[in-house]
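Just so you know, ligand 1 is whichever comes first in the structure, and atom 1 is the first atom listed for that ligand.
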Amino acid sequence: MQDFRKLPTVLTAEELIDKIFRRAAKVEGRDPKERALNKLSTISNVSKDYFKRIVESHPSYDNLPEFYREMVDVIVGIRKLKKSLAALKWADGMIQKVVTKSIREIKGGKNPSTVVKATYGRVASIIEQIDDELRFLNDAKNRMREIPILLDVPTVVVAGYPNVGKSSLVARISTVKPEVASYPFTTKKINVGFAEVGGKKVQIIDTPGLLDRPLSKRNAIERRAILSLKHLADIILFILDPTETCGYELKKQLSLLEEIRGYFKRPTLEVYSKADMHNQRDRIAYSAITGEGIEEILQEIEKMVKKVYSQTSTVMAPSGQTSTQEQHS
Ligand SMILES: Nc1nc2c(ncn2[C@@H]2O[C@H](COP(=O)(O)OP(=O)(O)OP(=O)(O)O)[C@@H](O)[C@H]2O)c(=O)[nH]1
Ligand SMILES: [Mg+2]
């Protein structure tokens, strides 16, 4: 499985030039000619190995399971990522050409130290040309750390308007403790935790808040929630805040709920949050503060998981393979 937290740090052009030339500087030889040839092959090898390591640390983005591919696209942009990796391959090829030419020149009788000096200059200039791409790849690596490792187990995606109490519930029922705060869009990425439901491991996913608006208007934070609903949810746990202290009217929240039911067509459990602040009980109402309703929610999830997983079909595993097991229709 692709673990995006294992992508290596990428040096800037300056750091990479320094690394290559420091290695070349240490190289010896019996005479000036041999020393120069050894330095050139060191430049060639160190840069080749470095570029290869970076390029190969990335998966083939075209073959990634959709959730991961779309997440990478939302977080960093796949086109830009591919362009940057291609730039590294270009630089590698150019350096190899320059070094090959220099070796030929020395063997042809040119002054070894003059050729080495000129090679240093050319190699440095090639690497400087990909400085933006190197920096982009390092930044991308840092940003892609947020992509979670997912398990192929029944998955509940918790969704709703911003600030309604999603993370507070996820903290209460699962192993993950996401940040909770009294303002919208506190959660900006997907948090994955686990809960034991009826003796079975269930994956619980906390998502950023969604507003009731067309997909084309959704921001990158909201898109992370949409991708979770689209690709990961066996069950949707939709949270409504009837107190409207979240800052959004219940009417709007209900309209989002209808949209999500219609669009994703997954078994959906609707619950009211903040039960300690209101008396509406026409849906399960829970309080993350008093614990009211929490047990009921877990029981409902257990029932839904059983129902959903009694039908056998194929699920997407994070590794990209598909596995047959009991799953939703
Ligand atoms: N009284 C009361 N307040 C709650 C309850 N659950 C959450 N809150 C408060 O509601 C606010 C939002 O809670 P969060 O859990 O961060 O809400 P969220 O839906 O994850 O918010 P975003 O990540 O911004 O979308 C915080 O101030 C919480 O303390 C509850 O059961 N009762
Ligand atoms: Mg949250």
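- In this structure, the side chain of Arg224 does not engage the main chain of Ile190 through any donor-acceptor pair within 3.5 Å.
- The atoms of ligand 1 that sit less than 4.0 Å from any heavy atom of Gly209 are 25 (O).
- Listed by number with element, the atoms of ligand 1 under 4.0 angstrom from any heavy atom of Ser168 are 6 (N), 7 (C), 13 (O), 14 (P), 15 (O).
- Using a cut-off of 2.8 Å, one finds that Ser167 contributes an N/O/S atom close to the Mg ion (ligand 2).
- The closest protein non-hydrogen atom to atom 21 (O) of ligand 1 is Asn163 N, 3.0 Å.
- Close approach of ligand 1 to Ala288 (heavy-atom distance below 4.0 Å) involves ligand atoms 6 (N), 30 (C), 31 (O).
- For ligand 1, the atoms closer than 4.0 angstrom to any heavy atom of Ile289 are 1 (N), 2 (C), 3 (N), 31 (O), 32 (N).
- Ligand 1 places these atoms under 4.0 Å from at least one heavy atom of Val180: 13 (O), 14 (P), 15 (O), 16 (O), 26 (C), 28 (C), 29 (O).
- In summary, an N, O or S atom of Thr187 is located under 2.8 Å from the Mg ion (ligand 2).
- Within ligand 1, the atoms closer than 4.0 Å to a non-hydrogen atom of Thr186 are 22 (P), 23 (O), 24 (O), numbered from 1 in the order shown.
- Annotation for ligand 1: atoms under 4.0 Å from non-hydrogen atoms of Pro162 are 25 (O).
- Near Met277, meaning under 4.0 Å from any of its heavy atoms, are these atoms of ligand 1: 1 (N).
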